[in-house]
Amino acid sequence: MFSFITLGTNNLNKSSNFYDKILATIDIIQVSKEERYVGYAKKHNSKQIEFYLMKPHNKKKATFGNGTMITFTAESKESVINCYNLALKLGGIDEGLPGPRHQEDFYAYFRDLDGNKICIYCSD
């Protein structure tokens, strides 16, 4: 359904450093970097960029949407926990501790350095 997802940022270097570290815990890596954006892909499919961090094209301040959330899939509960813990260590803000929700599914929620709500999820 989706080609890719983009989040705006006000500090591309700081945000890409944050995402480089947390996304590595769920096998997503930085595969492209330009002056205005950074692109990420699954490690096993590095030619298919699915997530971008980008400075807004209109040169205005990037803001987050109320009710907007991006969810990344992890392979295991341990990966969800590791990603969540690292996000908080790097300055992210807790939005929901790692744990089971909706029967067998396992989730964790945090806000990134620009206030975007991020979910890490796995299904066993």
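As a basis for the values below, the full set of heavy atoms in this structure was taken, side chains included, without hydrogen atoms, waters or symmetry mates. On a predicted model such as this, the values are computed, not experimentally measured, just so you know.
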Closest approach of [X] and [Y], non-hydrogen atoms and distance?
| X | Y | result |
| --- | --- | --- |
| L12 | M54 | CD1-N, 4.5 Å |
| A62 | N10 | N-OD1, 2.8 Å |
| I120 | A74 | CG2-CB, 3.9 Å |
| C122 | S76 | SG-C, 3.4 Å |
| C119 | M69 | CB-SD, 3.7 Å |
| R101 | G96 | NH2-C, 4.0 Å |

Checklist entry - Within a reach of under 6.0 Å around NZ of K33, are more than 12 heavy atoms found that belong to other residues, nucleotides or ligands? => result yes

Next on the checklist: For Y52 and Y37, take the angle between the two ring planes, folded into 0 to 90°, and tell me which bin it lands in: parallel under 30, tilted 30 to 60, perpendicular over 60.
Outcome noted: perpendicular

Checklist entry - Which of parallel (below 30°), tilted (30 to 60°) and perpendicular (above 60°) describes Y121 and Y107? => result tilted

Should [X] and [Y] count as side-chain neighbours, where that means a heavy-atom distance under 4.5 Å?
| X | Y | result |
| --- | --- | --- |
| F106 | I81 | yes |
| F72 | L23 | yes |
| S32 | I49 | yes |

In terms of hydrophobic clustering (I, L, V, M, F, W, Y; side-chain heavy atoms under 4.5 Å; direct or indirect links), are [X] and [Y] co-clustered?
| X | Y | answer |
| --- | --- | --- |
| I118 | I93 | no |
| L97 | F110 | yes |
| I26 | V31 | no |
| I70 | V80 | yes |

Item to check | Cation-pi geometry met for K117 and F64 (6.0 Å, 45°) | outcome: no

Next on the checklist: Let's go through D112 and L7 carefully: what are the C-alpha distance in whole Å and the side-chain angles of both, what is the deciding distance for side chain to side chain contact (heavy atoms under 4.5 Å, CB included) to 0.1 Å, and is it a yes or a no?
Outcome noted: CA-CA 10 Å; D112 71 8; L7 286 180; 4.0 Å; yes

Item to check | T6 and F51: CA distance, side-chain angles, deciding distance, side chain to side chain contact (heavy atoms under 4.5 Å, CB included) verdict | outcome: CA-CA 6 Å; T6 300; F51 176 61; over 6 Å; no

Main-chain N/O of [Y] paired with [X] side-chain donor or acceptor, under 3.5 Å:
| X | Y | result |
| --- | --- | --- |
| Y40 | S16 | yes |
| K61 | T9 | no |
| R36 | E34 | no |

Side-chain donor-acceptor pair present, [X], [Y], cut-off under 3.5 Å:
| X | Y | result |
| --- | --- | --- |
| N82 | T25 | no |
| S15 | D114 | yes |
| Y109 | D94 | no |

To the nearest 0.5 Å, how far apart are [atom1] in [X] and [atom2] in [Y]?
| X | Y | atom1 | atom2 | answer |
| --- | --- | --- | --- | --- |
| Y84 | K89 | OH | NZ | 15.0 Å |
| I29 | K43 | CD1 | NZ | 6.5 Å |
| I28 | N45 | CD1 | CG | 11.5 Å |

Next on the checklist: Between K21 and L90, is the side chain to side chain contact (heavy atoms under 4.5 Å, CB included) condition met? List the steps.
Outcome noted: CA-CA 9 Å; K21 291 175 182 171; L90 295 172; 3.6 Å; yes

Item to check | Criterion side chain to side chain contact (heavy atoms under 4.5 Å, CB included) on N13 and N17, from CA distance to verdict | outcome: CA-CA 6 Å; N13 288 331; N17 185 47; over 6 Å; no

